[in-house]
Amino acid sequence: MSIGYACLTVGVPNTNFKSCIMKNFSESKLLELISHNLNSLENIIDYNIKNNIKLFRLSSDVIPFGSSPINTLPWWDLFSNRFSAMGNKVNSNGIRISMHPGQYTVLNSPNEDVVYRAIEDLKYHNRFLDSFDVGTQHKIVLHIGGIYNNKEEAITRFITNYYKLDESVKSRIVIENDDKLYNIGDVLDISKTIKVPVIYDNLHSQINPFDKEKKDFHWIELCRETWKEKDGFQKVHYSQQDVLKRIGSHSTTINVNGFLDYYETLEGRQDLDIMLEVKDKNLSAIKCINCTTNNRKISALELEWTRYKYLVLEKAPTNYLQIRKLLNDKDSYPVISFYNLIENALQKEININHSINAAQHIWGYFKDIALEKERSSFFKSLENYEKGKVTLKTIKNLLWKLTQKYNQTYLMDSYYFIV
DNA sequence: CACCGTCAAGTCGCA
DNA sequence: TGCGACTTGACGGTG
C-alpha cells in the first residue's frame, strides 16, 4: 500500500510552479517556465524519495498551456533528458505517479469544440506521463462530465467519445465519482461498458451518494473488480470535509482518528493505494504513512517532531511539554497520541505571548552568530509585533532569512515558517 | 513586500 | 439568452 498527495508541496523549498497569462505568452517565456517547473518537479520527486512517499499526482500545470494550440513547442523532445532523469528516479524507487485533468476537461460535452479540447488535453496528459517512460499503472483520472438535461444521453456520449481516444490514452484512463452529478453507482455502470478502472472518492460519495446506507468498503470492494493486472493496485481518493467551509471543501489536514477509522474498515488489504486530497499535502501524507506503517520506530516520530515542534510551541506550550514526555520512551511508538496532540495544538488561536516565546526560541539559534544590526532588527520587530504594528509573518520572514543565511539545517525543515 | 483583483477553463442555476 | 458562481494557485498591478 502506498499513500500519497497531489501536485504541490507545503514547506519544501524550490518546488513552486510558475505560469503566465495568455497576454504575456511567448515561446521564450514558455521555455523558461517549463525549465523552472521541471526543476521544481524534480525537487518534489527527490523530496518524496527522501520521505518514502511512493504515490504522487503530477500537476497539470508543469507545462503551461499544455494542450493549448498556442503551445507548439515539442517540450517532450526539448526536455527529454530531464524527463528521463526523473523517470529513472520514479521507476527505480517504485513510485507511482498519476495525473488528474481539471473540472474543465469535459469529454461528454454536446459541444464538439469542447470535446475536441478535452481529447487534446487527455493527449497532453498521456504524453506527459509517457515522457517519464512509465507503464500503464500510472493513471490519468477523469470525471464523467456534465448532464445537459439528459443523463442517459450524456453517459452515452461519454462512452462514444471515450472510444475515440487513442489506445495509449485509453490505457491510462480511470474514472472517478464526483460530488454533484455522477455518483459511484453511475460510474461503476459506465465502467461495465468500457471496462475502465474506477476510483472511489469517499467524500464525493458522502456528498453525492448512490446509496448512503452502504459503507466506503462496500464500494471499494466493487471498484476493486474494475482494476486489472495491467492497471496496478487499485487506487482510491481519500479526503475529509473542512467543517468551516463549503460542502466538499477539503480539510486543512487529515485528522488521524478519522483516517484510522477508515483504514480499519479496509480489513487489512494492502493491495490498495490511497491518494489524499488535503490542503497540507505532503504533511498529511507523512502523517498517514507513519500511522499505518509496519515499521513502527520512534525515530520517525522524532523526525516529525523536529518539523512540528516550534509550531506547537507557538500555539500550545502545554502540548509541547506533553509531546516531549511522550517521546521519552524510546521503545514505544505512540503515533496516535503524538498526532492528536499536534492536531489539537495547531487548531488553537494564536496567542501573542506564546508566539513571542517561540520566536525567541528560534532566535536562540542566532544569538551568538547574528550581526548587531540583525539583533536590533529582530528585537525591534518583536517589539512592533507586541504593539500590533507588524504581523507575525514579518517576524517569521526575518527568522527564515537568518535560517538560510546561517544555514541552520535543523530549522530548514521546520513547519514553523509555513504561516 | 503585502494586498487583492484577475486569469483560465466549462457547466449550471437563476433572472 | 446571458450572466454570475463555482474552483484553484499564481500572476500582475497597486499602494
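Naming convention: chains lettered A, B, ... in sequence-line order (proteins, then strands); numbering from 1 in each chain.
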Look at the side-chain N and O atoms of [X] and state whether any lies under 4.0 Å from the OP1 or OP2 oxygen of [N].
| X | N | answer |
| --- | --- | --- |
| A:Y148 | B:dC12 | no |
| A:S109 | B:dT11 | yes |
| A:R117 | B:dA9 | no |

Whole angstrom value for the distance that separates [atom2] of [N] from [atom1] of [X]:
| X | N | atom1 | atom2 | answer |
| --- | --- | --- | --- | --- |
| A:L8 | C:dT8 | CG | P | 12 Å |
| A:I70 | B:dC7 | CD1 | C1' | 12 Å |
| A:L392 | B:dA2 | CG | C1' | 15 Å |
| A:K396 | B:dA2 | NZ | P | 13 Å |
| A:I63 | C:dA10 | CD1 | P | 16 Å |
| A:F25 | C:dG12 | CZ | P | 13 Å |
| A:D121 | B:dA8 | CG | P | 16 Å |
| A:D178 | C:dC6 | CG | C1' | 14 Å |

(request) Please examine the side chains of A:N177 and A:D186, heavy atoms only from C-beta on, and report whether any two atoms are closer than 4.5 Å. (result)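 A side-chain contact is absent here, since even the closest heavy-atom pair is not under 4.5 Å.
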(request) Decide yes or no for A:S131 and A:W75: does some side-chain heavy atom of the first lie under 4.5 Å from some side-chain heavy atom of the second? (result)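 The answer is yes; the side chains approach within 4.5 Å.
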(message) Closest-nucleotide mapping onto DNA chain B: is A:K393 or A:F65 further toward the 5' terminus? I mean the 5' end.
(response)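 Per heavy-atom nearest nucleotide, the more 5' residue is A:K393.
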(message) On DNA chain B, compare the nucleotides closest to A:Y104 and A:N149; which residue's is nearer the 5' end?
(response)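 This one resolves to A:Y104.
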What nucleic acid atoms does [X] come within less than 4.0 Å of, heavy atoms only: base, sugar-phosphate, or nothing?
| X | answer |
| --- | --- |
| A:K180 | nothing |
| A:G146 | sugar-phosphate |
| A:K401 | sugar-phosphate |
| A:N397 | sugar-phosphate |

Quick one: which of [options] gets closest to the side chain of [X]?
| X | options | answer |
| --- | --- | --- |
| A:V114 | C:dC6, C:dC11, B:dT11 | B:dT11 |
| A:I21 | C:dG9, C:dC11, B:dC12 | C:dC11 |
| A:C20 | B:dT11, C:dA10, C:dG12 | C:dG12 |
| A:N24 | C:dA10, C:dC11, B:dT11 | C:dC11 |
| A:M22 | B:dA9, B:dA2, B:dC7 | B:dA9 |

(message) Taking A:E277 first and then A:R57, would you say they form a salt bridge - that is, a charged N and a carboxylate O separated by under 4.0 Å?
(response)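 Looking at A:E277 and A:R57, the cut-off is met.
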(message) Assess whether a salt bridge exists between A:D130 and A:R172, defined as any Lys/Arg side-chain N lying under 4.0 Å from an Asp/Glu carboxylate O.
(response)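 Counted as a salt bridge, because a side-chain N and a carboxylate O are separated by less than 4.0 Å.
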(request) With DNA chain C as reference, determine whether A:Q103 or A:K23 sits nearer its 5' end, using the nearest nucleotide of each. (result)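 Nearer the 5' end of the strand: A:Q103.
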(message) So that I know where these two stand, are A:W219 and A:F210 an aromatic pair - ring centroids less than 6.0 Å apart?
(response)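 They qualify: ring centres under 6.0 Å apart.
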(request) Check step by step if side-chain contact (heavy atoms from CB on, under 4.5 Å) holds for A:N397 and A:F417. (result) CA-CA 8 Å; A:N397 284 346; A:F417 298 106; over 6 Å; no
